[in-house]
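Below, all heavy atoms of this structure are taken into account, side chains as well, without hydrogens, waters or symmetry copies. Quick caveat: nothing in here was measured; it's all calculated off a predicted structure.
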Amino acid sequence: MDIDFKRMLLAVLLCMMIMFGWQWYMSKRFGPEQSQPEPTSQQQQQQQQQTTVPTAVTTGDGTPVAVQPSLMAPAAGTWKLLTLPKQQEKQAPVVFGDLEKRKGGYKAQITLDPGSASVRDVLLSEYKLNITDEHTGYPLLVPARDDQDRVRYSLMSGVLKIAGRAEVFDLSGNCWKMTASVLAPTSDNPVQSVSFTATIVNQNGQPILDVVKTYSYGPDNYNLDFSFRLINKTFEPLLVESLEFFGPLGLRREDPRSDRRNAVVLYLDRERQPQVVRELLMKIQSDPEKGQLEKPTGATLQWLAVSNKFFAATLGPKPTGAKQKTDWLDRSPVTAAILNATEEKAGKIIPVETIVVQTRLQWEKPIEARSDLAYNFQVYLGPIDKEVFDECCVGLDYENLIYRPSCSFCSFNGLTYLIFKLMKGIYGIVGNYGVAIIILVLMVRLALHPISKKSQVNMMKMQKLSPKIEEVKQKYAGNKEEIQKRTMEVYKDQGMAGNMILGCLPMLLQLPIWIALFTAVDANIALRHQGLLPASWHWLNDLSAPDRLIPLSVFGINEAVQIPLVGGVDAFNLLPILLCIGMFLQTKFSPQSRMSSAANPQAAQQQKMMLYMMPVMMLVFFYTAPSGLNLYIMSSTFGGLIEQHFIRKHLKEEQDRAEVGIVPATTRISGRMGPKKKKPKPPFKYM
């Protein structure tokens with residue numbers, strides 16, 4: 001065994017010993033977070049009682065008495081919005097679903113605010129916020145506040161304007177009463193539903209317009225059904241001019257490296273081809289004008305959404321069998337804005353910015369006398385998962401929701417799906433995505449082994465030809481054409497013409513795999529909180545994020561540090577450094593490096609520069625990359641280094657045996673080491 005290889009093996013073993021010691025120290029100092037105790041049956045009963053929204057009050061003897069909304073004394077000729085009395089302003093929230101993980105159960109717990117008839121918050125029952133959390137409950141949507149410190153919820157209504165009237169009616173709160181509900185699901189009807197109604201009356205207290213919002217939610221589904229009805233109570237046509245409407249809001253930042261929260265609107269053009277309008281939160285923050293998500297000419301709106309790295313909340317017309325008209329929605333401008341929410345970090349509540357999509361619904365067709373207009377929506381609340389979209393979400397497209405850098409030539413969508421399908425198949429056998437990535441490395445290495453072997457043979461030949469090439473350069477110095485001609489003759493004599501690209505061919509073939517693997521690992525919800533090691537190890541426990549060996553929070557730094565060209569750094573990452581060490585060793589021990597060093601001093605200086613510059617560039621590019629990608633490239637690099645060592649050793653042994661005449665020069669060996677020399681023919685044949 002070579003001394004260099006022994007030193008490399010000793011260094012790897014030493015690094016592994018240090019890593020295991022550090023993990024033992026981290027597990028002792030930072031154990032898993034203390035879980036909250038499970039609620040008792042009495043507490044669960046109290047929670048269920050709190051979620052029941054009262055529709056009536058009782059007298060002292062228990063007799064129910066219906067409570068009517070108070071009608072403020074209107075001025076002559078003015079219309080008013082009915083508001084709730086003081087004792088009903090603080091209504092108990094309505095809760096759909098639960099957080100129990102079971103087959104056929106609810107995918108989320110959705111809390112509705114009765115006062116504003118909107119979605120206060122959404123907790124996903126299949127996902128954790130942090131990998132060390134004991135219980136699920138990922139906060140997909142949370143309340144937020146606007147620049148005037150007013151509370152805003154998802155699907156909240158704003159100002160309503162009726163054509164021909166000077167009044168404006170604020171539907172954002174304290175005007176809704178629950179008119180129907182099915183909050184206790186049964187085996188026959190597992191769907192929960194609730195309806196809220198807001199009423200506008202004239203100066204005589206007679207109802208003019210009812211606005212009804214209805215929510216429905218069932219088990220084993222990420223979709224919340226939402227309907228909106230405008231009921232004309234008069235004997236004349238009534239035109240609702242506009243209504244402000246908030247979409248989903250309160251989505252949190254998922255990636256510490258870069259903020260991928262964005263507003264997305266999908267339109268279909270005249271040829272029914274998708275047209276995506278997208279804007280990042282940080283760009284809207286720097287320039288609010290970018291929040292104007294303008295519709296392409298002649299396009300129709302399909303859905304609007306907010307999304308981060310892994311999750312999305314979308315709102316669009318509910319798909320029906322017949323072609324539905326959405327012209328009233330197509331005329332409504334969609335904008336994105338920045339709101340303020342709160343988030344808990346290191347035990348402290350801090351303000352954070354979030355994004356909201358909002359629109360102003362506009363109508364041209366009036367509501368006929370004693371008639372109504374109804375609009376049905378579907379709200380998707382869940383992960384950005386292609387399989388989920390294909391199964392239950394008509395109109396949602398994985399490619400349109402997932403955030404990608406603007407790179408049209410490096411997406412490799414087909415290869416991305418193939419790699420992830422392959423990884424998922426291996427995961428089904430081994431049960432660990434980290435092991436699946438390492439097995440994928442072995443499979444790719446085995447597939448490229450013939451090319452790698454041919455590349456090594458070619459570089460060894462070139463190393464031997466280096467003195468001859470240098471003689472040609474010195475002999476024909478100053479004549480570039482003659483140097484190229486004589487050099488090609490030398491290569492042709494050795495059977496190497498056309499093989500010059502073999503040295504870098506294995507790397508070129510792996511580049512598309514690296515790019516496709518980046519997408520397959522970086523933004524794939526299946527790899528979120530999936531690691532090579534258990535969560536308690538505090539390292540390599542989330543392959544979709546950096547490995548985070550030593551978090552900066554250990555040193556009291558709770559915010560990601562922005563480093564130019566690198567991005568947000570919130571921990572010391574080990575895998576990118578190991579990757580760079582592997583790249584350094586592979587470049588240093590390659591035959592091409594030794595060939596260039598032996599050729600001339602100028603080439604040796606350039607090779608020395610590349611020896612150090614290449615690992616540094618890789619460190620910058622991959623320091624904050626997902627640990628799954630770094631694990632693949634690092635394993636492939638060290639695997640290639642070991643493969644290179646044994647290939648060269650095997651070829652050298654064959655060459656030595658051929659030179660001493662122990663083994664006859666076979667066609668296979670002569671093909672590697674050059675054309676076989678012809679033996680001279682005897683002057684006459686023996687009979």
Side-chain angles (χ1 to χ4, degrees), residues 1-19 22 437-438 441-442 444-445 448 452 455-456 458-460 462-463 466 502-511 513-515 517-518 539-540 546-547 549-550 563 565-566 569 571-649:
M1 186 178 290
D2 294 347
I3 296 179
D4 291 338
F5 188 72
K6 289 182 179 179
R7 289 177 178 175
M8 182 186 71
L9 185 61
L10 182 61
V12 171
L13 293 176
L14 182 61
C15 291
M16 291 180 64
M17 292 175 60
I18 295 174
M19 180 195 69
W22 173 256
I437 289 176
I438 296 176
V441 170
L442 295 177
V444 173
R445 276 287 167 191
L448 296 179
S452 299
S455 172
Q456 292 293 318
N458 190 70
M459 285 192 290
M460 290 182 70
M462 291 181 66
Q463 187 176 357
S466 182
L502 281 176
C504 56
L505 186 59
M507 179 70 73
L508 292 176
L509 290 177
Q510 288 210 75
L511 276 177
I513 299 177
W514 290 4
I515 296 172
L517 187 71
F518 178 86
W539 186 62
L540 269 182
D547 59 275
L549 178 63
I550 307 177
I563 300 178
L565 302 179
V566 177
V569 176
F572 170 76
N573 303 321
L574 178 61
L575 276 186
I577 297 176
L578 297 179
L579 186 156
C580 293
I581 293 174
M583 285 285 181
F584 176 83
L585 295 175
Q586 191 176 46
T587 306
K588 182 177 179 63
F589 296 134
S590 67
Q592 189 175 5
S593 174
R594 298 181 181 182
M595 179 188 66
S596 300
S597 300
N600 56 63
Q602 184 178 2
Q605 186 66 25
Q606 293 177 352
Q607 187 66 34
K608 185 177 180 180
M609 183 181 299
M610 289 298 299
L611 179 65
Y612 294 100
M613 286 297 297
M614 189 65 178
V616 172
M617 292 173 60
M618 296 292 286
L619 181 64
V620 171
F621 293 154
F622 290 99
Y623 189 79
T624 57
S627 57
L629 179 64
N630 277 325
L631 178 64
Y632 179 92
I633 300 178
M634 185 203 70
S635 302
S636 181
T637 302
F638 278 101
L641 189 62
I642 297 172
E643 181 186 30
Q644 173 182 307
H645 170 78
F646 284 105
I647 289 176
R648 289 178 56 209
K649 183 178 179 181

* Please report the shortest heavy-atom distance between Leu540 and Ser627, naming the atom on each side. =>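 For Leu540 versus Ser627, the nearest heavy atoms are CD2-CB, 3.8 Å.
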Nearest 0.5 Å, please: how far is [atom2] in [Y] from [atom1] in [X]?
X: Leu578; Y: Asp547; atom1: CG; atom2: CG; result: 8.5 Å
X: Thr637; Y: Met618; atom1: OG1; atom2: CE; result: 6.5 Å
X: Glu643; Y: Gln586; atom1: CD; atom2: CD; result: 9.5 Å
X: Phe622; Y: Phe518; atom1: CZ; atom2: CZ; result: 8.5 Å
X: Ser635; Y: Leu575; atom1: OG; atom2: CG; result: 8.0 Å
X: His645; Y: Leu585; atom1: NE2; atom2: CG; result: 13.0 Å

* Asked: Can you check side chain to side chain contact (heavy atoms under 4.5 Å, CB included) on Leu631 and Val441, steps first, answer last?
  -> CA-CA 9 Å; Leu631 178 64; Val441 170; over 6 Å; no
Side-chain contact, heavy-atom cut-off 4.5 Å: [X] with [Y]?
X: Met583; Y: Ile633; answer: yes
X: Phe572; Y: Ile577; answer: yes
X: Tyr623; Y: Ile563; answer: no

* To do: May I have all residue pairs that pass salt bridge (charged side-chain N to carboxylate O under 4.0 Å, His left out) and include part of residues 572-581, sequence neighbours excluded?
  =>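 For residues 572-581, and leaving out neighbouring residues, there are no salt bridge (charged side-chain N to carboxylate O under 4.0 Å, His left out) pairs at all.
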* **Under 3.5 Å donor-acceptor, Asn630 side chain and Leu579 backbone** =>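 It does not hold such a pair.
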* Kindly write out the residues that satisfy ring pair (Phe, Tyr, Trp, His ring centres under 6.0 Å) with Phe584, not counting sequence neighbours, or none if the list is empty. =>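 If we apply the ring pair (Phe, Tyr, Trp, His ring centres under 6.0 Å) test to Phe584, skipping adjacent residues, the hits are Tyr612.
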* Tell me, please, which residues at least two apart from Asn573 pass side chain to side chain donor-acceptor pair (under 3.5 Å). =>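 For Asn573, no residue satisfies side chain to side chain donor-acceptor pair (under 3.5 Å) once neighbours in sequence are set aside.
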